[in-house]
Amino acid sequence: LVGHEKTIWLLSMMLLKDVLPHAYLFHGPTRIGKSTLAINLAMAINCLDQKEGNPCGQCRQCERINSGNHPDVQIIEVLPGDETSMVRNEVGIEQIRDIQHSSSLKPYEGHYRIFILPEISLLSPQASNALLKLLEEPPDKVIFLLTSANLESVIPTILSRCQIISTNRIPHDQISDHLTRHFDIGPDDATYIARISQGQIGWAIEAATNTELLEDY
């Protein structure tokens with residue numbers, strides 16, 4: 001969540017005022033923490049000991065969501081494509097149908113059922129239409145958290161039914177400071193990685209922990 005202080009404040013205010021739209025869309029460049037923001041928002045919504053609109057990170061709800069093991073929070077995976085058959089990476093219609101079924105059920109142990117869809121520009125046309133129907137008539141106690149780096153590839157009717165949250169690249173000094181504080185890396189190396197990361201903290205963290213990635217770069 002490094003560098004997203006304004007976004008976190010906005011989301012916290014929405015939670016404190018109990019103003020929760022049925023769908024959020026986190027928009028911004030790749031690998032800057034959009035999915036991490038979505039997961040933390042899911043934690044805050046279902047947290048048992050929420051503090052000023054932020055998740056405690058320690059209750060049963062937070063721990064299970066953070067570990068990807070919560071029955072009411074589902075992260076939809078992008079299905080891998082096949083270069084030989086020219087099939088692209090995508091989120092397919094069957095995955096959205098599974099969401100349609102699950103969203104019709106009451107939350108099992110959390111306050112809300114939450115579905116996190118990474119990069120919705122990868123929805124197949126059929127999946128986009130099915131998701132649109134869900135957003136047009138959202139079930140009770142269900143929240144959709146979507147992410148995308150390319151709004152131009154998302155159909156306008158989906159955009160119009162989401163609260164769009166814009167996110168930006170992270171300043172180099174914040175990335176460098178985070179790397180030196182939380183990873184076994186010196187200031188010079190942290191500064192170098194931060195500069196070549198182009199504000200993508202996800203890439204920077206991977207580069208700090210994976211020497212092969214840095215060597216490939």
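This is a predicted model, so every value here is computed, not measured. Residues take their numbers from the sequence shown, with the count starting at 1.
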Practice problem: For Gln58 and Cys62, work out which heavy atoms get closest and say how close. | Solution: N-CB, 4.0 Å

Self-check item: Minimum-distance pair of heavy atoms, taken over all atoms of His27 and Ile164
Solution: CB-CG2, 4.4 Å

Quiz prompt | Parallel, tilted or perpendicular: ring planes of Phe183 versus His178, cut at 30 and 60 degrees | solution = perpendicular

Quiz item: Should the heavy atoms of other residues, nucleotides or ligands under 6.0 Å from NZ of Lys51 be counted, would the total exceed 12?
Solution: yes

Quiz item: Applying the 4.5 Å side-chain criterion to the ILVMFWY set and letting contacts propagate, would Trp203 and Ile201 be lumped into a single cluster?
Solution: yes

Quiz item: Between Gly53 and Leu16, which heavy-atom pair has the shortest distance, and what is it?
Solution: N-CD2, 3.5 Å

Exercise. Go through the side-chain N and O atoms of Asn150 and Ser153 and say whether any donor and acceptor fall under 3.5 Å apart.
Key: yes

Quiz item: Where do Lys106 and Arg113 come nearest, in terms of heavy atoms and distance?
Solution: O-NE, 3.3 Å

Quiz item: For residues Glu52 and Ser12, is any side-chain donor paired with an opposing acceptor at under 3.5 Å?
Solution: no

Quiz item: So, does Lys34 use its side chain to make a donor-acceptor pair with the main chain of Gly28 at under 3.5 Å?
Solution: yes

Self-check item: Separation between OH of Tyr24 and CD1 of Ile45, rounded to the nearest 0.5 Å
Solution: 6.0 Å

Exercise. Locate the shortest heavy-atom distance separating Ala149 from Pro29; write the atom from each residue and the value.
Key: CB-C, 4.3 Å

Quiz prompt | Ala207 versus Leu214, closest heavy-atom pair with distance | solution = CB-CD1, 4.1 Å

Quiz item: Heavy-atom distance under 4.5 Å between the side chains of His22 and Gln163, does that happen here?
Solution: no

Quiz item: So, Thr147 side chain and Glu119 main chain: donor-acceptor pair closer than 3.5 Å or not?
Solution: yes

Quiz item: Can you name the one residue among Asn168, Thr167, Leu1 that meets side chain to side chain contact (heavy atoms under 4.5 Å, CB included) with Thr7?
Solution: Thr167

Quiz item: Just by modelled atom types, is the Tyr112 backbone N or O under 3.5 Å from a matching donor or acceptor in the Asn46 side chain?
Solution: yes

Quiz item: Do Asp189 side-chain atoms and Ile185 backbone N/O form a donor-acceptor pair below 3.5 Å?
Solution: no

Practice problem: Measure from the side-chain N and O atoms of Gln126 to the backbone N and O of Ile93, and report whether any donor-acceptor pair falls under 3.5 Å. | Solution: no

Exercise. Tell me, yes or no, whether the heavy-atom count around Asp216 atom CG, taken from other residues, nucleotides or ligands under 6.0 Å, exceeds 12.
Key: yes

